[in-house]
Amino acid sequence: MREQIESKLQQAFDPAFLQVDDESYMHANGPDAQSHYKVTLVTEQFEGKRSLQRHRAVNKTLADELQRIHALALHTYTPDEWAEKCGAPDSPNCMGGG
């Protein structure tokens with residue numbers, strides 16, 4: 001699933017930086033669940049777009065995958081924002097455990 005998400009985002013956004021982390025191990029379903037993912041996506045395509053517009057674009061790209069996973073944390077940046085940020089925040093543990 002991680003590779004599928006990564007491939008679709010790579011094709012759709014031509015990112016300057018892309019990282020897809022399987023964070024299922026942090027949640028109650030266990031490490032092999034392939035249920036929780038964190039995406040850090042940096043692309044010029046996000047210039048002039050608000051966070052909601054960015055997230056909608058990613059969700060549209062991953063519509064099929066979102067039918068099969070429980071959670072997708074999105075951290076979307078322009079290259080300039082990414083240079084200032086120096087990394088995406090850590091994800092919290094799921095309320096169901098971890």
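One is the number of the first residue; the rest follow in order along the sequence. When reading the values below, keep in mind they use all heavy atoms of this one structure, side chains included, and skip hydrogens, waters and symmetry mates.
- Residues S7 and Q11 have side chains in contact (heavy-atom distance under 4.5 Å, counting atoms from C-beta outward).
- Rounded to the nearest 0.5 Å, atoms NZ (K49) and OG1 (T76) are 10.5 Å apart.
- For the pair Q45 (side chain) and F13 (backbone), a donor-acceptor distance under 3.5 Å is present.
- Remark: Q19 engages D21 in a side-chain hydrogen bond (donor to acceptor under 3.5 Å, both in side chains) (not counting sequence neighbours).
- Between W82 and F17 there is a side-chain heavy-atom pair separated by less than 4.5 Å.
- Listed by first then second residue, pairs satisfying salt bridge (charged side-chain N to carboxylate O under 4.0 Å, His left out) with a partner in residues 52-64 read K8-D64, R54-E81, not counting sequence neighbours.
- Q53 approaches G48 most closely through the heavy-atom pair OE1-O, 4.3 Å.
- A 4.5 Å side-chain heavy-atom check between L74 and T40 finds every atom pair outside the cut-off.
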Working note: N59 + L66, criterion side chain to side chain contact (heavy atoms under 4.5 Å, CB included); need CA distance, chi angles, decisive distance, verdict.
CA-CA 8 Å; N59 288 344; L66 290 172; 3.7 Å; yes
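- No side-chain heavy atom of E44 sits under 4.5 Å from any side-chain heavy atom of F46.
- Scored by the side chain to side chain contact (heavy atoms under 4.5 Å, CB included) test, D14 finds no partners at all (sequence neighbours excluded).
- Distance CD/Q67 to CG/L62: 11.5 Å, rounded to 0.5 Å.
- The structure places CD1 of I69 at 6.5 Å from CE of M1, a figure rounded to the nearest 0.5 Å.
- A search for side-chain hydrogen bond (donor to acceptor under 3.5 Å, both in side chains) contacts involving E6 returns R2, not counting sequence neighbours.
- Side-chain atoms of Q4 and R68, non-hydrogen and from C-beta on, do get closer than 4.5 Å to each other.
- Pairing each heavy atom of L41 with each of P15, the nearest pair is CD1-CB, 3.5 Å.
- Annotation for Q10 and L18: closest pair OE1-CD2, 3.7 Å, computed over non-hydrogen atoms.
- Judged purely by atom type and a 3.5 angstrom limit, T61 uses its side chain to pair as donor or acceptor with the backbone of A57.
- Annotation: side chain of I5 is in contact with side chain of V39 (closest heavy-atom distance under 4.5 Å).
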